[in-house]
Protein chains: 2
Amino acid sequence: MAEAVQKPKRAARPSADATRTRILEAAEKLFADRGFHGVTVREIAREADVDPALANYHFGSKEQLFSSALLARAEEFMAEREAALTACIADADGTPTLESVIVAYTHPYLEHAQSGDPGWRSWFKLLAKANTSPEWAPEVFRDRFDPFVRKFIEAMKLAAPGAPDERYYWCYHFFSGALVLTFAETGRMDRLSDGKCRSGDLASGYDLLVPFFAEGFESILSGRRPPLGGGA
Amino acid sequence: MAEAVQKPKRAARPSADATRTRILEAAEKLFADRGFHGVTVREIAREADVDPALANYHFGSKEQLFSSALLARAEEFMAEREAALTACIADADGTPTLESVIVAYTHPYLEHAQSGDPGWRSWFKLLAKANTSPEWAPEVFRDRFDPFVRKFIEAMKLAAPGAPDERYYWCYHFFSGALVLTFAETGRMDRLSDGKCRSGDLASGYDLLVPFFAEGFESILSGRRPPLGGGA
DNA sequence: TCTTTTATTCAACGATGAATGAAAAAACGC
DNA sequence: GCGTTTTTTCATTCATCGTTGAATAAAAGA
């Protein structure tokens with residue numbers, strides 16, 4: 001268990017919390033850029049301008065440091081999104097539109113990306129890397145992310161009931177792949193479009209992403225567009 | 001430059017090519033599972049059952065070995081897809097449907113995943129990891145993947161002309177995020193659905209993915225569903 | 001103030017990383 | 001077969017990894 005928060009039975013020395021924060025921020029940034037194995041504890045310490053031994057002192061191990069970095073913003077992020085989702089359902093008396101559910105799920109990404117705190121953009125990159133390397137912090141996915149995703153899928157069922165169960169999961173899967181990649185800002189689009197399109201222009205991406213996936217979800221879940229049937 | 005194929009001015013010793021192949025296969029598998037920095041050259045050599053020095057002898061460096069592993073199947077894969085795309089356009093006299101373009105782009109994934117050669121499934125995982133860590137082999141993306149993606153986007157313009165340029169890029173971006181994640185088989189869906197849905201059932205995923213994205217593309221590119229406009 | 005707890009520094013530990021160069025072995029052209 | 005080239009082995013290069021323990025400093029409790 002990552003000791004992200006030391007038990008404060010006695011008041012912590014003022015600079016200790018600051019040290020932990022500095023290490024976490026450095027870890028977030030470097031892990032986001034180069035992944036778990038691409039970064040050394042010493043690099044993180046250098047970036048945070050602290051002694052290398054402090055990373056282990058405060059977080060126990062490199063693995064726990066990674067988990068702590070991923071977890072740090074996950075709590076806040078998931079709580080916000082869950083509140084948005086609950087409100088979205090309540091506002092619609094239990095029958096929200098697909099688009100409103102997608103907005104509730106997605107809008108916190110945009111908000112934080114534009115919040116002025118660059119740490120959020122790093123964290124989204126970290127999330128993208130962890131998404132294709134779940135072995136780095138499986139417990140964070142299991143305990144923090146998965147439960148919220150299940151609520152999202154329940155909301156999708158409220159918005160578009162009656163489809164076969166597997167379709168909700170596959171549709172979510174497509175959606176999450178696109179969403180996570182979009183907010184990872186890999187810069188690929190910039191190159192492909194010769195600069196006409198910028199990965200960092202997340203507002204434009206968001207404005208297109210929401211209707212794009214609302215339509216995709218609806219066509220599949222309503223059965224308006226049937227599965228191909230030729231894949232077997 | 002990765003010497004994926006040694007210049008055969010003299011016939012190579014039979015076992016030399018076999019050694020290279022064994023190293024490449026081991027590298028493909030291990031890099032796919034744990035990423036570039038998560039694997040050591042010694043592990044690859046052990047998996048391939050060869051001396052560790054041979055990896056450097058045949059490929060020059062760990063980085064070139066990674067590039068070679070990513071490149072190995074890329075040539076064949078991209079050529080097939082390009083042929084499919086060209087045929088799809090020609091068959092429709094220059095005005096293909098969105099769905100047919102998506103099928104041409106995507107179907108080779110499914111074919112190889114079901115080909116019985118498990119190396120392809122590893123390679124798709126490798127692709128997914130490289131997709132969020134393009135710094136591992138930037139030249140492969142630039143030289144092999146990007147040109148084909150540009151052709152795909154041109155085909156989308158034939159199928160649904162007249163939309164603002166950026167929309168094609170963003171739509172492709174969403175699509176590629178979902179596609180790559182789907183064929184990476186992370187197993188996340190299995191867990192989320194309590195086993196009701198299997199990541200490895202790529203035929204089912206493909207059958208839903210094609211209509212899902214055909215509809216998403218169409219709604220955005222035709223302007224039937226306008227961008228949100230609230231993201232700024 | 002004195003004791004206890006918490007935080008930080010510093011110097012190491014053993015293990016392992018990628019890569020290399022020289023020597024040995026195997027296949028080749030002739 | 002013989003000389004040449006290609007491939008393989010082996011020992012070793014230097015650098016660095018994550019982590020630890022002892023010593024020191026700073027804060028907090030009494």
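All chains are named by letter (A, B, ...) in the order of the sequence lines, taking the proteins before the strands, and each is independently numbered beginning at 1. Quantities reported herein were computed from a predicted structural model and do not represent experimental measurements.
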Q.
Using OP1 and OP2 only, check whether a side-chain N or O of A/S61 sits under 4.0 Å from D/dG18.
A. no
Q: Measure the distance from NZ on B/K62 to C1' on C/dT20 and round it to the nearest whole Å.
A: 17 Å
Q | d(CD, A/E63; P, D/dC17) in whole Å | A | 17 Å
**Q.** Rounded interatomic separation in angstrom, taking CZ from B/F59 and C1' from C/dT20
**A.** 18 Å
Q: Check whether any side-chain nitrogen or oxygen of A/H58 sits under 4.0 Å from OP1 or OP2 of C/dT8, and answer yes or no.
A: yes
Q | Distance test, side-chain N/O of A/T19 to OP1/OP2 of C/dA7, below 4.0 Å | A | no
Q. Which comes earlier along DNA chain D counting from the 5' end, the contact point of B/L54 or that of A/V39, where each point is its nearest nucleotide?
A. B/L54
**Q.** All ring pair (Phe, Tyr, Trp, His ring centres under 6.0 Å) counterparts of A/Y169, not counting sequence neighbours
**A.** none
Q: In whole angstrom, give the distance that lies between atom CD1 of A/I23 and atom P of D/dT19.
A: 13 Å
Q) Phosphate oxygens OP1/OP2 of D/dG18: is one of them under 4.0 Å from a side-chain N or O of A/N56? A) no
Q: May I ask you to decide if A/E135's main-chain N or O and A/S133's side chain share a donor-acceptor pair within less than 3.5 Å?
A: no
Q) Hey, what bend do you get for the helix from C/dT1-D/dA30 to C/dC30-D/dG1 if you fit axes on five pairs at each end, rounded to 10°? A) 20°
(Q) Test of understanding: with salt bridge (Lys or Arg N to Asp or Glu O under 4.0 Å), list the residues that count as partners of A/R188, not counting sequence neighbours. (A) B/D146
(Q) Just to verify, what does A/Y109 make a ring pair (Phe, Tyr, Trp, His ring centres under 6.0 Å) with, not counting sequence neighbours? (A) A/F77, A/F124, A/F183
Q | Within residues 41-50 of chain A, residues whose heavy atoms come under 4.0 Å of DNA chain D | A | A/V41, A/R42
Q.
Checking B/R144 now: which residues fulfil side-chain contact (heavy atoms from CB on, under 4.5 Å) with it, not counting sequence neighbours?
A. B/L71, B/E75, B/V140
Q | Non-neighbouring partners of A/E63 that pass salt bridge (Lys or Arg N to Asp or Glu O under 4.0 Å), sequence neighbours left out | A | none
Q.
In this structure, how many angstroms lie between the P atom of C/dA24 and the CG atom of B/D51, rounded?
A. 16 Å
Q) So, do B/F213 and A/F212 have ring centers that fall under 6.0 Å from each other? A) yes
**Q.** Residues that A/E76 engages under side-chain contact (heavy atoms from CB on, under 4.5 Å), provided they are two or more places apart
**A.** A/E80, A/H112, A/W120
Q) Looking at the side chain of A/Y57, which of D/dT7, D/dG18, C/dA7 is the nearest nucleotide? A) C/dA7
Q.
Could you tell me how far apart A/D17 (CG) and D/dA28 (P) are, to the nearest whole angstrom?
A. 12 Å
Q. In whole angstroms, how far is the C1' atom of C/dA18 from the CZ atom of B/F66?
A. 17 Å
Q. Taking only residues two or more places apart in sequence, or in another chain, which ones meet A/T132 in a side-chain contact (heavy atoms from CB on, under 4.5 Å)?
A. B/A128, B/T132, B/L181
